[in-house]
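Before any comments, here is the structure.
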Protein chains: 2
Amino acid sequence: MTGDRLHTEHGNERKEQLLRAAEQLFTERGYGAARISDICAAAGVAKGLFYWYFPTKESLFAELVRTMRHQLRRTQAAAMEPSADPVTRLRQGAEASVRFMAAHQTYFALLDVERLDAALAPVMREGSDVYASDVRRLIVDAQRQGLVPDGDPTFYVVGVLGAVSSFGHAHRAGRLQIPIDDLAAAVGRWVTDAVARPADAVRALTPTTGADAP
Amino acid sequence: MTGDRLHTEHGNERKEQLLRAAEQLFTERGYGAARISDICAAAGVAKGLFYWYFPTKESLFAELVRTMRHQLRRTQAAAMEPSADPVTRLRQGAEASVRFMAAHQTYFALLDVERLDAALAPVMREGSDVYASDVRRLIVDAQRQGLVPDGDPTFYVVGVLGAVSSFGHAHRAGRLQIPIDDLAAAVGRWVTDAVARPADAVRALTPTTGADAP
DNA sequence: ACCGGCCCTGACCGATGGGTCAATCCTGGG
DNA sequence: CCCAGGATTGACCCATCGGTCAGGGCCGGT
């Protein structure tokens with residue numbers, strides 16, 4: 001909690017080295033499955049050295065997360081024109097976030113559920129594609145009937161499932177204190193509007209050019 | 001993988017008992033932190049018995065998740081009128097999902113990141129409210145200027161953050177194969193539209209009537 | 001009564017891996 | 001040249017926990 005240990009320049013490099021190795025392994029195997037000894041091995045140092053730079057495994061993780069958030073924050077701030085109206089700023093912030101996340105996939109992957117406990121990942125993933133394909137069917141149907149503008153259906157699928165799960169999560173966490181009937185209705189409208197409306201928003205999206213995903 | 005062991009009626013009750021105890025503890029302490037011995041203690045049985053009903057800790061978890069998903073699926077199906085148009089069905093499915101998740105908070109909490117590794121939860125949560133309050137400020141400003149319809153700002157906040165993170169996640173996972181510039185633009189529009197448009201969608205939302213959540 | 005197969009117990013095992021430590025190396029300043 | 005203290009090592013410690021097992025009770029059928 002108090003001032004961190006004082007390191008020489010070389011020391012800081014080492015620390016950075018460990019951070020990068022950890023980031024890599026956390027992303028590949030998940031936080032739990034990445035052993036400290038692995039991290040050290042990957043960084044080419046002995047296990048004991050880890051504790052010269054970090055008091056605990058969690059603290060390293062925390063440092064990664066904080067760095068990431070801090071950078072994102074600055075990027076967002078930089079992307080928003082101070083003179084613009086709030087909604088524009090919102091849009092700029094959102095765009096910047098998406099770009100930033102894409103540019104730092106490795107970092108952000110750390111936060112994905114799948115990466116936290118590698119063993120549980122399959123269980124949780126299994127079956128979640130069922131919803132996806134259900135929704136996809138509906139979307140495609142709707143597009144065929146002209147109810148939903150053309151564009152990569154996957155985009156809409158992600159949007160719809162994401163909305164439902166986000167609102168659900170927020171409500172469950174007590175962050176969204178709204179009578180359930182109202183919430184359900186609001187989410188329903190939100191989804192409908194989002195899907196049926198933004199006529200040309202997704203217009204020019206490269207429509208998933210066939211086989212190239214794993 | 002083959003046929004599960006055959007249980008008497010009493011056996012099934014016991015199993016159900018263990019499932020409920022586990023559900024409870026996973027929700028409270030997180031999957032990792034809930035020890036099998038705890039679960040057994042909570043159910044009032046000896047640890048050895050656990051393995052009479054479940055081959056492993058993960059398998060119990062898997063069973064919980066599957067049950068939950070199965071029920072949700074049926075509920076969704078029941079909520080969608082077969083004769084309705086796709087968009088309506090989409091809306092009905094979304095509403096049903098939100099309601100279902102609310103009615104089974106305990107179950108769904110299992111899937112929340114925070115519950116998987118209790119130790120990491122604080123690290124990940126810390127600072128995430130910063131974004132929320134940023135976005136909130138923008139929303140409130142926009143509402144003041146009439147750019148965004150009135151209604152609980154939190155609802156919009158959740159929607160915006162949820163969208164950004166969902167699309168980000170999908171892209172990162174390779175589920176959304178779209179050039180990043182297009183994606184950023186699309187998400188920007190998606191957010192803007194969602195926030196600025198649904199004039200009366202959130203109209204009658206009880207604006208956070210203070211204290212009534214646990 | 002006897003048997004078989006559910007059901008239940010709690011001590012025990014074994015691996016795993018985070019964390020410690022005494023000893024050593026290395027480097028720069030005096 | 002020598003000392004201080006950062007940097008580094010790898011063997012070691014040990015609490016933890018999922019999983020095992022040998023044994024024993026309960027109950028219904030014959």
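Computed from heavy atoms alone, side chains included, the values below leave out hydrogens, waters and symmetry copies. Proteins get letters first, then strands, A, B, ... in listed order; numbering begins at 1 in each.
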*asked:* Quick test of your reading of the model: are A:Glu63 and A:Lys15 salt-bridged, counting only N-O distances below 4.0 Å?
replied: yes
*asked:* I'd like to know if B:Asp134 pairs up with B:Arg137 as an ion pair, taking the criterion as any Lys NZ or Arg NE/NH1/NH2 lying under 4.0 Å from an Asp or Glu carboxylate oxygen.
replied: yes
Send over the distance from [X] [atom1] to [N] [atom2], rounded to a whole Å.
{"X": "A:His7", "N": "D:dT8", "atom1": "NE2", "atom2": "C1'", "answer": "13 Å"}
{"X": "B:Leu25", "N": "D:dC17", "atom1": "CG", "atom2": "P", "answer": "13 Å"}
{"X": "B:Phe54", "N": "D:dT20", "atom1": "CZ", "atom2": "C1'", "answer": "18 Å"}
{"X": "B:Lys15", "N": "C:dC6", "atom1": "NZ", "atom2": "C1'", "answer": "15 Å"}
{"X": "A:Glu9", "N": "D:dG6", "atom1": "CD", "atom2": "P", "answer": "17 Å"}

*Please determine if A:Lys57 forms a cation-pi arrangement with A:Tyr31, meaning its NZ or CZ atom is less than 6.0 Å from the six-membered ring centre and no more than 45° off the ring axis.*
yes
*When the aromatic ring centroids of A:Phe108 and B:His169 are compared, is their separation below 6.0 Å?*
no
_D:dT8, OP1 or OP2 - any side-chain N/O from A:Trp52 closer than 4.0 Å?_
no
*D:dT8 phosphate, OP1 or OP2: any side-chain N/O from A:His10 under 4.0 angstrom?*
yes
Please list, one pair per line, the donor and acceptor atoms closer than 3.5 Å that link side chains of residues 123-130 of chain B to other protein atoms, with sequence neighbours excluded.
unit_1   : atom_1 : unit_2   : atom_2 : d
B:Arg125 : NH2    : B:Glu114 : OE1    : 3.4
B:Glu126 : OE2    : A:Arg66  : NE     : 2.7
B:Ser128 : OG     : B:Arg125 : O      : 2.9
B:Asp129 : OD1    : B:Gly127 : N      : 3.3

*By side chain to side chain contact (heavy atoms under 4.5 Å, CB included) - contacts of A:Asp141 (at least two apart)*: A:Arg144, B:Pro86
*Under 4.0 Å protein heavy-atom contact, by nucleotide of nucleotides 9-28 of chain C - B base, S sugar-phosphate only*: BB------SBBB--------
